[in-house]
Amino acid sequence: MARRAFLLLALIFLAIAPGFGQSGTFDVVISGAHVIDGSGNPWYLADVGIRNGLIVEIGNLSERPSTRVIDARGMILAPGFIDMMGGTTLPLLVDPLTAQSKLRQGITTMMAGEGDSMAPQDERTIKELNLPAGISHWTTFREFHRMLDRKGMGINVIHNVGAAQVRRVAIGDEDREPTPDQMAKMKEIVAEAMRDGSVGLSTALIYPPGSYAKTEEIIELAKVAAENGGVYFSHMRNESGGLLEAIQETIRIGEEAHIPVHIYHLKAAGQDNWPLMTKAILLIQSARDRGVDVGADIYPYIRNGIGLGSFLHPKHYARGPEAFLPTLSDPQVRAELRKEIETTTNWENWYHHVGKNWDNVLVVQVPAKLDKRYEGKSVQEIAALRGADVWDTFFYLVQQGGVDVDPKSMDENQKQQALRAPFVSIGSDAEPMNPAISTFAHPRTFGTFPRILAKYVREEKVISLESAIREMTSLPANQLKLWNRGRIAPGLAADLVSFDPAKVADTATFAKPLSYAIGMEYVFVNGQLAIDKGQPTGVLAGKVIRANR
């Protein structure tokens with residue numbers, strides 16, 4: 001009797017579910033593809049049928065009617081890639097064309113939010129965003145999500161709430177502990193963000209004011225996220241000599257807050273610290289072996305990207321950058337700071353990480369008030385261009401604010417080790433960008449995912465194609481709790497990419513980073529073609545994904 005009732009319910013579901021149990025016309029059939037379903041399994045040959053934004057059938061669909069048939073013989077069909085750290089979604093609100101930097105890599109979903117996030121906002125923080133005319137102000141994720149929905153986007157987005165952003169609204173930029181009232185306010189802000197659909201709490205503990213938060217403060221906020229089904233994400237407190245201690249802190253937060261944990265752009269920065277990557281992977285695996293849900297992501301470049309101001313100890317920003325930066329005009333202050341940088345290593349000292357060589361620090365972006373010729377040159381080269389001492393040039397650049405650099409701080413071996421770890425997914429750590437209006441960027445902005453496929457799969461054979469696809473699809477989907485994405489199976493969202501594995505490649509370099517990837521022939525976002533025969537369609541089929549509790 002129970003079996004009969006179950007079968008009856010199943011038939012009713014198939015009859016009423018959109019796209020299922022119907023013999024009607026498909027919107028699209030992708031025919032003859034080598035399907036890599038995202039699970040890590042070997043590819044198989046099949047047709048895939050799409051209707052109403054969903055994958056509705058897999059098999060031999062050659063005799064079935066379809067509005068369009070795409071011949072994918074000899075091509076890979078995979079789930080749309082998920083960018084575990086896509087920077088900020090503000091560019092999508094300002095300029096829909098920025099989505100092309102993601103779509104042409106095969107990215108169909110990006111997660112945004114690190115220490116900063118798009119909400120909460122107050123009058124001061126929203127002013128600092130320097131929004132263009134016509135963009136309304138907002139304070140909560142509920143308001144910001146509605147703005148994105150109205151604007152329309154080329155890709156799907158999901159947000160974290162940044163602990164530093166919460167701290168700035170509740171406390172300010174000062175280095176001090178929250179009062180009980182401020183802590184209560186911070187908790188309520190996190191709870192509101194979670195109710196508004198944020199996937200979790202994120203931190204950037206290497207940058208002020210996030211670096212001012214003690215572990216216990218983060219645990220208390222993470223508990224709020226955990227109560228709402230969230231995840232804790234972190235750009236950890238240290239990514240060099242203190243890497244293992246930083247991982248232990250992150251794991252502790254997960255254990256005490258009873259929350260899954262994800263480490264952003266795992267790395268061992270600084271030549272002396274490169275061997276730590278082996279221990280870091282073992283430490284994370286050991287935590288997983290005892291039942292702690294810990295994951296991580298990487299980007300496939302040995303240069304990272306930070307603000308040049310990070311080359312100074314974060315303690316100097318304790319009263320905010322507005323109070324500190326003017327003091328850099330004082331020659332005595334410069335001399336004391338130079339001595340500190342050259343002689344101390346009990347902090348994240350990026351000068352030591354780059355081998356004490358200013359030629360290894362590439363300036364990629366300067367504020368509008370500075371000479372744009374500085375972009376694409378090292379600090380050493382800029383000093384020569386200015387006819388000035390390299391240390392004076394360094395302090396001059398820091399004082400201007402908003403100078404971004406790509407320091408050479410990693411090696412290839414640690415990248416390969418991380419790619420082979422089963423819990424490591426992929427993130428660009430770069431915001432969407434329109435090369436027509438930008439001047440410089442880290443090449444990961446345009447090339448992260450194709451670089452994995454070209455360099456580490458096709459050329460160097462570090463991992464298999466199936467493993468790489470898993471790290472770009474089902475693994476990040478699981479980490480983000482996106483249960484209806486990241487795999488190819490009936491009933492899941494039709495976020496799909498099709499490419500020739502022999503041709504897909506990144507073209508962005510550090511010398512010429514504003515260059516789209518090539519080889520993504522077809523990219524579907526929620527069943528609609530965003531890339532068709534290698535060309536953008538301009539369709540805005542992306543969605544704000546509110547975390548499903």
### Message
Does anything in residues 507-518 form a salt bridge (Lys or Arg N to Asp or Glu O under 4.0 Å)? List the pairs, not counting sequence neighbours.
### Response
none
### Query
Below 4.5 Å, heavy atoms only, C-beta onward: do Glu460 and Gln416 meet side chain to side chain?
yes
### Query
Is there a donor-acceptor contact under 3.5 Å linking the side chains of Glu249 and Thr215?
yes
### Query
Are Phe311 and Tyr351 close enough, and set up right, to give a ring pair (Phe, Tyr, Trp, His ring centres under 6.0 Å), and what steps lead you there?
CA-CA 6 Å; Phe311 277 65; Tyr351 178 66; 7.5 Å; no
### Task
Could I get the full list of salt bridge (charged side-chain N to carboxylate O under 4.0 Å, His left out) partners for Glu128, not counting sequence neighbours?
Arg124, Arg168
### Query
Short question: side chain of Thr109, backbone of Val157 - any donor-acceptor pair under 3.5 Å?
no
#### Entry: Qualifying side chain to side chain donor-acceptor pair (under 3.5 Å) pairs with a residue from residues 82-91, counting only residues at least two apart or across chains
Asp83-Lys102, Asp83-Ser428, Thr89-His159
### Message
I'd like to know if the side chain of Ser198 reaches the main chain of Gly200, judged simply by a donor and an acceptor atom lying under 3.5 Å from each other, with no hydrogens or angles considered.
### Response
no
#### Entry: Pairwise side-chain contact, Val424 with Ile281, heavy-atom cut-off 4.5 Å (strictly under)
no
#### Entry: Which residues share a salt bridge (charged side-chain N to carboxylate O under 4.0 Å, His left out) with Asp293, sequence neighbours left out
Arg288
### Task
Check for a donor-acceptor pair, side chain of Ser310 on one end and backbone N or O of Ile306 on the other, with a separation under 3.5 Å.
no
## Note on the structure
Here the salt bridge (Lys or Arg N to Asp or Glu O under 4.0 Å) pairs for residues 342-367, sequence neighbours left out, are Arg338-Glu342
### Query
CD of Glu340: more than 12 outside heavy atoms within 6.0 angstrom?
yes
### Geometric cation-pi criterion, Arg167 with Tyr212: 6.0 Å, 45°
no
### Query
Looking at side-chain heavy atoms only, is the closest gap between Val497 and Ile531 below 4.5 Å?
no
### Query
Between Phe446 and Ser515, which heavy-atom pair has the shortest distance, and what is it?
CB-O, 3.2 Å
### Query
Residues in side-chain contact (heavy atoms from CB on, under 4.5 Å) with Glu466, at least two apart?
Ile36, Pro42, Trp43, Ser464
### Query
Below 4.5 Å, heavy atoms only, C-beta onward: do Tyr522 and Leu77 meet side chain to side chain?
no
### Message
Which heavy atom of Ile107 sits nearest to which heavy atom of Ile155, and what is that distance?
### Response
O-CG2, 3.7 Å
#### Entry: Closest contact, heavy atoms only, Glu431 versus Pro91
OE2-CG, 3.7 Å
### Query
Can you pull the salt bridge (Lys or Arg N to Asp or Glu O under 4.0 Å) pairs that have at least one residue in residues 267-286, sequence neighbours excluded?
Glu239-Lys267
### Query
Does NZ in Lys408 sit with more than 12 non-hydrogen atoms of other residues, nucleotides or ligands closer than 6.0 Å?
no
### Query
Considering residues at least two apart in sequence or located in another chain, which fulfil the side-chain contact (heavy atoms from CB on, under 4.5 Å) criterion with Glu255?
Ile251, Arg290, Val292
#### Entry: Salt-bridge criterion met for Arg252 and Glu256 (N-O under 4.0 Å)
yes
### Task
Would you confirm whether Gln399, through its side chain, and Leu325, through its main-chain N or O, come within 3.5 Å as a donor-acceptor pair?
yes
### Message
Any carboxylate oxygen within less than 4.0 angstrom of a Lys/Arg side-chain nitrogen, looking at Glu375 and Lys372?
### Response
yes
### Message
Closer than 3.5 angstrom, by distance alone: can the side chain of Gln105 be matched with the main-chain N or O of Phe449 as a donor-acceptor pair?
### Response
yes
### Query
So, Asp406 versus Asn304: side-chain donor-acceptor pair below 3.5 Å or not?
no
### Task
Work out which heavy atom in Ala296 is nearest to a heavy atom in Gln479; give both atom names and the distance.
N-NE2, 3.9 Å
### Query
Got a sec: does the NZ of Lys369 have more than 12 other heavy atoms crowding it under 6.0 Å?
yes
### Query
How would you list, by chain and number, every residue that makes a side-chain contact (heavy atoms from CB on, under 4.5 Å) with Val231, sequence neighbours excluded?
Phe233, Pro260, Lys481
### Message
Taking side-chain contact (heavy atoms from CB on, under 4.5 Å) as the criterion, tell me which of Leu282, Leu283, Asp289 meets it with Gln285.
### Response
Asp289
### Query
Residues two or more places apart in sequence or in another chain: which of them pass salt bridge (charged side-chain N to carboxylate O under 4.0 Å, His left out) with Asp506?
Arg451
### Positive for ring pair (Phe, Tyr, Trp, His ring centres under 6.0 Å) with Trp347, one of His316, His353, His313
His313
### Query
Is there a donor-acceptor contact under 3.5 Å from the side chain of Ser101 to the main chain of Pro435?
no
### Task
Look at the side chain of Ser117 and the backbone N and O of Gly162, then say whether any donor-acceptor pair between them is shorter than 3.5 Å.
yes
### Task
Report yes or no: does Asn238 contribute a side-chain atom to a donor-acceptor pair with the main-chain N or O of Ala246 at less than 3.5 Å?
no
### Message
Any non-hydrogen side-chain atom of Ile298 less than 4.5 Å from a side-chain atom of His265?
### Response
no
### Message
Looking at Glu521 and Lys533, is there a salt bridge between them, counting it only when a charged N and a carboxylate O are closer than 4.0 Å?
### Response
no
### Query
Aromatic ring centroids of Phe324 and Tyr317 under 6.0 Å?
yes
### Message
Tell me every residue that passes salt bridge (charged side-chain N to carboxylate O under 4.0 Å, His left out) with Glu381, counting only those two or more places apart in sequence or in another chain.
### Response
none
### Query
When you measure from the side chain of Asp389 to the backbone N and O of Asp392, does any donor-acceptor pair fall under 3.5 Å?
yes
### Message
Could you check whether any side-chain N or O of Arg104 sits under 3.5 Å from a backbone N or O of Gly534, counting only pairs where one atom can act as donor and the other as acceptor?
### Response
no
### Query
Under the side-chain contact (heavy atoms from CB on, under 4.5 Å) test, which residues partner Ala384, sequence neighbours left out?
none
### Query
Tell me, do Val366 and Gln400 make a side-chain contact under 4.5 Å, heavy atoms counted?
no
#### Entry: Lys/Arg-Asp/Glu bridge criterion (N-O < 4.0 Å) met for Asp37, Arg487
no
#### Entry: Shortest non-hydrogen contact between Asn273 and Ser240, atoms and distance
ND2-CB, 3.4 Å
#### Entry: Greater than 12 external heavy atoms within 6.0 Å of Lys503's NZ
no
### Message
Between His442 and Tyr301, is the ring centroid distance below 6.0 Å?
### Response
yes
### Message
Do Ile341 and Glu336 have side chains that approach each other closer than 4.5 Å (heavy atoms only, starting at C-beta)?
### Response
no
### Query
Given side chains that start at C-beta, do those of Val403 and Tyr374 come closer than 4.5 Å, heavy atoms only?
no
